[in-house]
*Asks:* 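First, the structure itself, so that you have it in front of you.
Order of the sequence lines fixes the chain letters, A, B, ..., with proteins taken first and strands second; residue numbering starts at 1 for each chain. Note: hydrogens, waters and symmetry copies are ignored here, and every other heavy atom, side chains too, is used.
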Amino acid sequence: MAKNLYITTAIPYVNGTPHIGNALDYLLADIWARYQKQNGHEVRFQVGTDEHGNKIAAKAGELGITPQEFTDQMYGNFEGLMKKINADYTDFIRTTDVHHKAAVQYIWQKLGPYIYKDKYEGWYCMGHEAFFTDKEVEASNGVCPDHSTEYQKVSEENYYLRASDFTDKIRQAIESGEMKIVPDFRKKEFLELIKDGLQDVSISRPKKSLSWGIPVPGDDDQVMYVWLDALANYITVLGYPDKPEWKDYWPADVQVIGKDILRFHAGIWPAMLLGLELPLPKTLLVHGHVNVGGAKMSKTVGNVVDPVELIDNYGVDAFRYFFARHIPTQDDGDFTWEKFENAYNNELGNDLGNLVQRVANMVVRYQAGVVEGNAASEHDMQPYRLAIEALTFDQALDEVWVIIRGLNRYLDTVKPWDIAKKKDSDPEAAAHLTEVLEHAVNTLQQIGDMLVPFMPATAAAIHETFDNEVVAVPEVLFPKLYIHTPDPRGAKNTP
RNA sequence: CGCGGGGUGGAGCAGUCUGGUAGCUCGACGGGCUCAUAACCCGUAGGUCAGAGGUUCGAAUCCUCUCCCCGCAACCA
């Protein structure tokens with residue numbers, strides 16, 4: 001019986017527009033989900049948006065609309081991106097959903113034994129919605145460098161979650177592999193971070209300083225701060241606590257997160273789960289960040305790469321291919337237009353697209369489009385499978401390309417075009433030719449299978465071409481594009 | 001001594017755990033082929049494996065020290 005699987009992505013704050021990092025989250029989760037589905041599993045795949053907090057309220061205020069109206073407008077940008085990158089998710093949660101809000105209040109109450117109220121006094125920055133240490137405030141002469149506003153001495157009462165209670169359990173879960181943190185160096189990093197224990201974490205704000213959020217049950221003066229609200233989405237989206245189906249999917253098999261939010265997902269989130277007496281997620285997949293030409297991507301620098309632009313110009317599968325293969329799944333990667341176009345033209349166009357053309361062409365020319373063989377190609381899938389299961393998707397694609405190159409080499413070695421010349425006079429040659437083309441077609445079908453999780457449309461196109469009883473030469477896959485790099489072909493079109 | 005990652009032919013990386021011909025992709029150069037998207041295939045050049053010392057018959061790999069780069073700690077995946 002197929003096992004129910006569950007994968008989640010971090011829910012982005014709808015404050016801004018979606019960027020490449022969000023896209024990376026969705027893409028990695030989607031690859032995994034499609035792979036598992038292809039192998040007969042039922043997969044639940046959650047995405048969503050984080051919609052509370054002061055920044056949202058402030059922006060809405062500027063626009064003269066309510067926060068709810070504002071987020072209603074904004075969340076579509078994220079849903080749009082998911083569709084755009086062809087992420088086949090099953091659930092979309094907004095933290096403003098009625099069920100989510102009620103469920104989070106239930107969670108708060110259930111966590112009661114681990115929640116306490118305390119007074120905090122410190123330097124507060126309105127822009128950050130956060131406190132800063134004396135040292136930081138001194139270093140910047142009392143003015144927040146990001147917002148050019150003065151820090152304010154604020155004393156307020158907050159509720160805290162006693163995460164410290166769970167330090168030992170969490171550390172043990174990580175060390176034993178009950179909750180895997182992938183890659184290994186992230187696990188090391190986090191264990192080092194909590195060497196002296198987890199810190200209790202503030203989970204509420206006074207209503208007067210944070211109006212747009214889920215009310216704290218039983219205390220009209222307090223509103224929940226982001227963590228409890230946002231992290232809870234991973235279970236509330238499944239229907240926790242009132243719809244029993246959630247039990248079929250929790251604990252999550254994989255939670256995809258960026259390296260910047262590891263500490264929340266490896267610390268606060270497990271503390272919440274343990275407080276609720278729920279099992280911990282099996283794996284946290286921590287991906288890196290995408291740099292541009294070696295520099296951090298940032299709005300202020302203006303080097304932000306827009307995923308939508310990429311997809312519109314090169315197609316969604318080219319986008320998925322580049323970010324799956326050339327951005328290491330578990331580490332930082334680098335984007336440049338040159339790298340992207342290189343990969344597009346050479347690997348997708350020359351290696352794969354051209355291979356499809358040449359095989360289809362020969363089948364049509366030499367055998368009127370007919371290939372008898374239905375023997376499955378027997379290339380070794382093991383390295384590919386192991387790479388996916390180890391969550392190193394880049395390496396899985398490397399394995400696919402080993403086969404693609406291998407087939408190109410095979411054709412050059414066997415030279416079907418030579419055999420074809422003799423096929424009419426020599427029955428043995430005709431049989432040999434059939435055999436060669438069968439092998440090529442079967443291999444391409446297998447390549448199509450392997451590409452299903454990564455490039456669904458391309459995989460479908462390959463199968464459409466070669467699964468037919470009579471093969472026709474298909475449209476060119478990945479036609480050459482030289483938008484950002486010089487066209488090496490003719491002289492005429494230099495930019 | 002804050003923590004973590006890294007320094008391997010022009011570029012990007014693998015190899016380091018488990019010492020023993022230094023490998024892959026791109027780029028450059030030369031050749032071949034003609035089924036194909038000026039594509040594909042083959043070959044050549046190019047590396048004192050950051051540096052110093054040590055262990056060893058033998059070190060990119062193990063040990064010690066030094067130098068340099070990046071990330072986190074400081075809204076952002």
*Asks:* In whole angstrom, give me the gap between the C1' atoms of B/A28 and B/G19.
*Replies:* 35 Å
*Asks:* Does B/U25 pair with anything, Watson-Crick or G-U wobble, both distances under 3.5 Å, and if so, with which nucleotide?
*Replies:* B/A11
*Asks:* Looking at the side chain of A/Asn354, which of B/A73, B/A39, B/A77 is the nearest nucleotide?
*Replies:* B/A39
*Asks:* Can a side chain N or O of A/Asn350 be found less than 4.0 Å away from OP1 or OP2 on B/C40?
*Replies:* yes
*Asks:* Return yes if some donor-acceptor pair links the side-chain N/O of A/Thr167 with the main-chain N/O of A/Leu198 below 3.5 Å, else return no.
*Replies:* yes
*Asks:* Between B/C40, B/G4, B/U34, which nucleotide has the shortest distance from any of its atoms to the side chain of A/Asp412?
*Replies:* B/C40
*Asks:* With heavy atoms under 4.0 Å as the rule, sort A/Gly21 into base, sugar-phosphate or nothing.
*Replies:* base
*Asks:* Who is the Watson-Crick or G-U wobble partner of B/G19, with both distances under 3.5 Å?
*Replies:* none
*Asks:* Looking at residues at least two apart in the chain, or sitting in another chain, which of them share a side chain to side chain contact (heavy atoms under 4.5 Å, CB included) with A/Phe264?
*Replies:* A/Trp227, A/Ile261, A/Ile268
*Asks:* Nearest nucleotide by nearest heavy atom, which residue falls closer to the 5' end of RNA chain B, A/Val290 or A/Val359?
*Replies:* A/Val359
*Asks:* Work out how far the C1' atom of B/A11 is from that of B/G20, and round it to whole angstrom.
*Replies:* 30 Å
*Asks:* Which distance, rounded to the nearest 0.5 Å, do you find between the CZ of A/Phe478 and the OG1 of A/Thr458?
*Replies:* 3.5 Å
*Asks:* Can a donor-acceptor pair be found between the side chains of A/Asp229 and A/His52 at a distance below 3.5 Å?
*Replies:* yes
*Asks:* Would one find a side-chain N or O of A/Arg365 under 4.0 angstrom from OP1 or OP2 of B/A36?
*Replies:* yes
*Asks:* Taking pairing as Watson-Crick or G-U wobble with both contacts under 3.5 Å, can you name the mate of B/C40, or confirm there isn't one?
*Replies:* B/G32
*Asks:* Which value, in whole Å, describes the distance between the P atoms of nucleotides B/A59 and B/G43?
*Replies:* 31 Å
*Asks:* Counting only side-chain N and O atoms of A/His287, is one of them less than 4.0 Å from OP1 or OP2 of B/A77?
*Replies:* no
*Asks:* If you check the A/Arg489 side chain, which of B/A39, B/G4, B/C26 turns out closest?
*Replies:* B/A39
*Asks:* Whether the A/Asn346 and A/Asn342 side chains hold a donor-acceptor pair (N or O, under 3.5 Å, no angle test) is what I'd like checked.
*Replies:* yes
*Asks:* Heavy atoms only, 4.0 Å cut-off, all strands: where does A/Asp351 land among base, sugar-phosphate and nothing?
*Replies:* sugar-phosphate
*Asks:* Between B/A77, B/G71, B/C33, which nucleotide has the shortest distance from any of its atoms to the side chain of A/Glu189?
*Replies:* B/G71
*Asks:* Considering only the P atoms, how many Å lie between B/A39 and B/A52, rounded to the nearest integer?
*Replies:* 44 Å
*Asks:* Counting only Watson-Crick pairs (N1-N3 plus N6-O4 or O6-N4) and G-U wobbles (N1-O2, O6-N3), all under 3.5 Å, who is the partner of B/C72?
*Replies:* B/G2
*Asks:* Side chain of A/Asp260 only, heavy atoms from C-beta on: which candidate in B/C75, B/A38, B/C76 is closest?
*Replies:* B/C76
*Asks:* Out of the candidates A/Phe323, A/Tyr482, A/Phe319, A/Phe340, only one should pair with A/Tyr314 under the ring-ring contact (aromatic ring centres under 6.0 Å, His included) rule; please name it.
*Replies:* A/Phe340
*Asks:* Taking only side-chain nitrogens and oxygens of A/Asn346, does any of them come within less than 4.0 Å of OP1 or OP2 of B/G27?
*Replies:* yes
*Asks:* Pick the P atom in B/U44 and in B/G7, then give their distance to the nearest Å.
*Replies:* 28 Å
*Asks:* Please determine whether a side-chain nitrogen or oxygen atom of A/Arg409 lies at a distance below 4.0 Å from atom OP1 or OP2 of B/C40.
*Replies:* no
*Asks:* Name the closest nucleotide to the A/Gln357 side chain, picking from B/A36, B/U34, B/C40.
*Replies:* B/A36
*Asks:* Establish, with yes or no, whether the OP1 or OP2 oxygen of B/G4 is under 4.0 angstrom from a side-chain nitrogen or oxygen of A/Lys259.
*Replies:* no
*Asks:* When you compare the side chain of A/Lys259 with that of A/His287, does any pair of heavy atoms fall below 4.5 Å?
*Replies:* no
*Asks:* Using the C1' atom as the point on both nucleotides, what is the distance between B/A50 and B/U61, in whole Å?
*Replies:* 16 Å
*Asks:* Distance check, P atoms only: B/C49 and B/U8, in whole angstrom units.
*Replies:* 11 Å
*Asks:* With both distances under 3.5 Å as the test, what is the Watson-Crick or G-U wobble partner of B/C65?
*Replies:* B/G51
*Asks:* So, OP1 or OP2 of B/A39: does either fall under 4.0 Å of a side-chain N or O from A/Arg405?
*Replies:* no
*Asks:* If each of A/Ile404 and A/Lys421 is mapped to the nucleotide of RNA chain B with the nearest heavy atom, which maps nearer the 5' terminus, i.e. the 5' end?
*Replies:* A/Lys421
*Asks:* Using the C1' atom as the point on both nucleotides, what is the distance between B/U21 and B/G47, in whole Å?
*Replies:* 15 Å
*Asks:* Look at the side chain of A/Glu192 and decide which nucleotide, out of B/U34, B/C3, B/C40, has an atom nearest to it.
*Replies:* B/C3
*Asks:* Classify A/His326 by what it touches in the nucleic acid, base, sugar-phosphate, or nothing, heavy-atom distance under 4.0 Å.
*Replies:* nothing
